[in-house]
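For reference, the structure is listed below as structure tokens.
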Amino acid sequence: MDLKQMEELLLAQQKQIDRIEAYQQIQNCMAGYEADHTALTMYREPLWFAMEQPDVSMEVSDWGVWKGPEAVNYLFGTVMKEKTIGTMFLHPIATPYIEVAGDGQTARGTWVSVGEETQVDADYVPHGFWSFGHYSGEFIKENGVWKIWHLKWWRLARTEAGVDWTKTWKDVMTGPPKVNPYTTEPITFFHPYDTVTEQEPFPYVPEPYDTWDGNTDWVFGPWKEEYFKDHTPVSQFEKAHPGRTAGKIENNPSAFL
């Protein structure tokens, strides 16, 4: 092996080490996000986001896209603020699938979460729910640290603890947990579990890619064109719930605190 070959080998090995480190740091970033996902520390969530990016964003279920640093701060600091007594959130994340870009500057990932949410209503009575869903996200290296760039929570099912979700899906919670004056960007996708329509495999795992190209539709996998030829981001929800509107506050016990 000559000097040039040795240099190429070392560069390739360093690139692989960087990818492994990126994978671990992104996992830690998401774990940190979940660690702060409590009533006492919800305001800290933006610390895990790339707040120097003008298009940093968070989308929760059917709440629309909260885009920009100001929107992300408002979402976690005001809209998602809950009573600190009687409230509990636990969203463990599993089955990570992370794809780091070839240039090592961005990454995409998906996770599954089976957790619980306990909220207090206007009469200060706590209510416990199972909460199942997926996360999809894009990540970026900001000042040498991996941060959340765009994150979405795809709520699949939420039902009162101890109650079969096949019996309660018609009472699905919609809209944000607080009445607020903020105008978000449109919902990208909302189709929780029901017994009327088929469940799509969204979000799908990311494919390898070389560099960030602005594509955020990778979450729809190879079915994007076929699916959206006949559907809108909320049409399957509307089919299963005639007369209801995605994004409108319904069935959220803490919405009017």
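The model shown is predicted, which means the values in this text are computed figures rather than measured ones.
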When you compare the side chains of [X] and [Y], does any donor N or O come within less than 3.5 Å of an acceptor on the partner?
X      : Y      : result
Gln27  : Trp111 : yes
His150 : Glu138 : yes
Thr110 : His134 : no
Asp194 : Gln236 : no
Asp55  : Trp149 : yes
Thr174 : Arg244 : yes
Ser254 : Asn252 : yes
His191 : Glu200 : yes
Ser136 : Trp154 : yes
Thr87  : Thr118 : no

Could you state the interatomic distance from CD1 (Ile148) to SG (Cys29), rounded to the nearest 0.5 Å? 4.0 Å
List the atom of Pro69, the atom of Val56, and the distance in Å for their closest heavy-atom pair. N-CG1, 3.6 Å
Can you name the residues that form a ring-ring contact (aromatic ring centres under 6.0 Å, His included) with His231, not counting sequence neighbours? Tyr227
Heavy-atom distance under 4.5 Å between the side chains of Phe89 and Gln119, does that happen here? yes
Hey, are the side chains of Phe76 and Trp66 touching, using non-hydrogen atoms and a 4.5 Å cut-off? no
Going through the checks in order, is the side-chain contact (heavy atoms from CB on, under 4.5 Å) test met by Gln105 and Val100? CA-CA 8 Å; Gln105 297 304 303; Val100 181; over 6 Å; no
Determine, for Tyr209 and Arg108, whether the Lys NZ or Arg CZ falls below 6.0 Å from the six-membered ring centre while staying within 45 degrees of the axis. yes
Going by side chain to side chain contact (heavy atoms under 4.5 Å, CB included), Leu75 matches just one of Glu45, Met58, Met42. Which one? Met58
Output yes when Glu117 and Arg158 qualify as a salt bridge under the 4.0 Å nitrogen-oxygen rule, no when they do not. yes
Could you go through the salt bridge (charged side-chain N to carboxylate O under 4.0 Å, His left out) check for Lys167 and Asp164 one step at a time? CA-CA 6 Å; Lys167 306 295 192 296; Asp164 185 344; 3.4 Å; yes
Would Glu34 and Tyr135 satisfy side-chain hydrogen bond (donor to acceptor under 3.5 Å, both in side chains), going step by step from the backbone distance to the final call? CA-CA 11 Å; Glu34 294 300 354; Tyr135 286 99; 2.8 Å; yes
Among Ile, Leu, Val, Met, Phe, Trp and Tyr joined by side-chain contacts under 4.5 Å, find the other residues sharing a cluster with Ile85 and list them by chain and number. none
Would His37 and Trp153 count as a close aromatic pair, with their ring centres under 6.0 Å? no
ring-ring contact (aromatic ring centres under 6.0 Å, His included) for Phe220 and Phe228? Distances and angles first, verdict last. CA-CA 10 Å; Phe220 300 113; Phe228 287 105; 4.9 Å; yes
